[in-house]
Enquirer: 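My structure is below; once you've seen it, I'll send some questions.
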Amino acid sequence: NIQELSEIFKLFADETRLRIICAILNTELCVCDLCEILNLSQSAVSHQLQLLRSSKLVKYRREGKQIFYSLEDKHIEIIIQMALDHIIEEEK
């Protein structure tokens, strides 16, 4: 379990992946939307999404030719919120 936990925290440690996770916290987005929001290339976003998908942090839904991405479950959102709460508390 420690190994798996370490791998999850490694995923959160990358700024691009974290930005993707934050972008889809409350909504699902397609790759083209994520590219525009994050100002990144499609290949960069797709690569990071593949890592997030393989680690079961992100899921996808196909609609025609587009694929929409969202968080796998509420646990990911809770982890992000707890980290943000910690940062805010430290700033007080």
Enquirer: Linking I/L/V/M/F/W/Y whenever their side-chain heavy atoms sit closer than 4.5 Å, directly or via other members, would F9 and L11 fall into one cluster?
Expert: yes

Enquirer: Distance from L34 atom CG to S46 atom OG, nearest 0.5 Å?
Expert: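 One gets 9.0 Å once the value is rounded to the nearest 0.5 Å.
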
Enquirer: Looking at side-chain heavy atoms only, is the closest gap between E28 and R61 below 4.5 Å?
Expert: yes

Enquirer: I'd like to check the side chain to side chain donor-acceptor pair (under 3.5 Å) partners of K10; sequence neighbours left out, ordered by chain and number.
Expert: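 By the side chain to side chain donor-acceptor pair (under 3.5 Å) rule, K10 matches E7.
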
Enquirer: Restricting to non-hydrogen atoms, name the atom on V45 and the atom on C35 that form the minimum distance, rounded to 0.1 Å.
Expert: CG2-SG, 3.8 Å

Enquirer: Passes side chain to side chain contact (heavy atoms under 4.5 Å, CB included), I80 versus L18? Steps please.
Expert: CA-CA 9 Å; I80 298 298; L18 192 54; 3.5 Å; yes

Enquirer: To the nearest 0.5 Å, what is the distance between CD1 on I8 and CD on Q3?
Expert: 11.0 Å

Enquirer: If you count heavy atoms of other groups shown closer than 6.0 angstrom to CZ of F12, is the number above 12?
Expert: yes

Enquirer: Hey, what do you get for CG (L57) to CG (L51), rounding to the nearest 0.5 Å?
Expert: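 Rounded to the nearest 0.5 Å, the CG-CG separation comes out at 10.0 Å.
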
Enquirer: Hydrophobic cluster membership, with links at side-chain heavy-atom distances under 4.5 Å among I/L/V/M/F/W/Y: are L5 and I21 in one?
Expert: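 Yes; I21 is reachable from L5 via cluster members.
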
Enquirer: Within a 6.0 Å radius of atom CG on D85, are there more than 12 heavy atoms belonging to other residues, nucleotides or ligands?
Expert: yes

Enquirer: How long is the span from the CG atom in D33 to the CD atom in E36, to the nearest 0.5 Å?
Expert: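 It comes to 7.0 Å.
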
Enquirer: Can you tell me how far the CD atom of E89 sits from the CG atom of L84, to the nearest 0.5 Å?
Expert: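 Answer for the CD-CG pair, E89 versus L84, is 13.0 Å.
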
Enquirer: If only atom types and distance count, is the side chain of S55 paired as donor or acceptor with the main-chain N or O of L52 below 3.5 Å?
Expert: no

Enquirer: Could you state the interatomic distance from CZ (R62) to SG (C30), rounded to the nearest 0.5 Å?
Expert: 12.5 Å

Enquirer: Return all side-chain donor-acceptor pairs below 3.5 angstrom for residues 67-74, not counting sequence neighbours, or 'none' if the list is empty.
Expert:
residue: D73; atom: OD1; partner: H75; partner atom: N; Å: 2.9
residue: D73; atom: OD1; partner: H75; partner atom: ND1; Å: 3.2
residue: K74; atom: NZ; partner: E77; partner atom: OE1; Å: 3.0

Enquirer: Within the side chain of R17, is there an N or O that forms a donor-acceptor pair under 3.5 Å with the backbone of Q48?
Expert: no

Enquirer: May I ask you to check whether over 12 heavy atoms, not counting those of Q42, lie within 6.0 Å of atom CD?
Expert: no

